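Small disclaimer: the values here were computed from a predicted structure and weren't measured. We number each residue from 1, following the sequence as shown.
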Amino acid sequence: HLFEVVDSLPESLEGELEPILYPPSQNFPISLSAIVIAPGDIETAIQRKDPLLTEVVLNQPEILFTNRKGEKLWERLKNAF
């Protein structure tokens with residue numbers, strides 16, 4: 001999974017998180033599952049114990065880029081699960 005928290009997205013989570021699925025192509029030979037979420041929706045997903053968010057956190061992903069706000073969100077996620 002690619003898990004992206006985009007600060008400029010409005011809060012909009014109404015149900016469970018849904019990944020955006022990209023099938024393999026000539027230029028990118030593996031499939032990719034992307035999850036794009038607003039920071040404010042993370043708390044909603046935690047409260048609902050969203051299965052996809054749980055899977056992402058429990059798989060201990062590699063963090064490719066973050067900032068101070070992202071570090072705080074990641075700590076919140078790890079402590080929630």
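Taken to the nearest 0.5 Å, the CD1 atom of Ile46 stands 11.0 Å off from the CG atom of Asp41. One finds the CZ atom of Arg76 at 10.0 Å from the CD1 atom of Ile42 (value rounded to the nearest 0.5 Å). Considering CD1 of Ile37 and OG1 of Thr44, their distance stands at 8.0 Å, rounded to 0.5 Å. In this structure, CD in Glu55 is found 11.5 Å from CZ in Phe81, a value given to the nearest 0.5 Å.
Taking each heavy atom of Pro61 and Val57 in turn, the nearest pair found is CD-O, 4.1 Å. Taking each heavy atom of Leu32 and Phe28 in turn, the nearest pair found is CB-CE2, 4.3 Å. Smallest separation of non-hydrogen atoms from Val5 and Ala38: CG1-C, 4.4 Å. The shortest heavy-atom contact between Ser33 and Pro19 is OG-CB, 3.1 Å.
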Quiz prompt | Trace of the side chain to side chain contact (heavy atoms under 4.5 Å, CB included) decision for Leu21 with Ser31 | solution = CA-CA 7 Å; Leu21 303 174; Ser31 60; over 6 Å; no
Self-check item: Audit row: Ile63, Trp74, side chain to side chain contact (heavy atoms under 4.5 Å, CB included) steps and yes/no
Solution: CA-CA 9 Å; Ile63 307 295; Trp74 179 239; 4.3 Å; yes
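Partners of Lys49 according to the salt bridge (Lys or Arg N to Asp or Glu O under 4.0 Å) rule, which considers only residues two or more places apart in sequence or in another chain, do not exist here.
Screening Leu52, Ile20, Leu53 against Ile35 for a side chain to side chain contact (heavy atoms under 4.5 Å, CB included) leaves a single residue, Leu52.
One finds no salt bridge joining Glu75 and Lys72 here, because no Lys/Arg side-chain nitrogen approaches an Asp/Glu carboxylate oxygen to under 4.0 Å.
Linking Ile, Leu, Val, Met, Phe, Trp and Tyr whenever their side-chain heavy atoms come within less than 4.5 Å puts Leu9 and Leu2 in one cluster. Two different hydrophobic clusters hold Leu17 and Tyr22 under the rule that ILVMFWY side chains link at heavy-atom gaps under 4.5 Å. Linking Ile, Leu, Val, Met, Phe, Trp and Tyr whenever their side-chain heavy atoms come within less than 4.5 Å puts Leu58 and Phe3 in one cluster.
No more than 12 heavy-atom neighbours from other residues, nucleotides or ligands sit within 6.0 angstrom of CD on Glu18.
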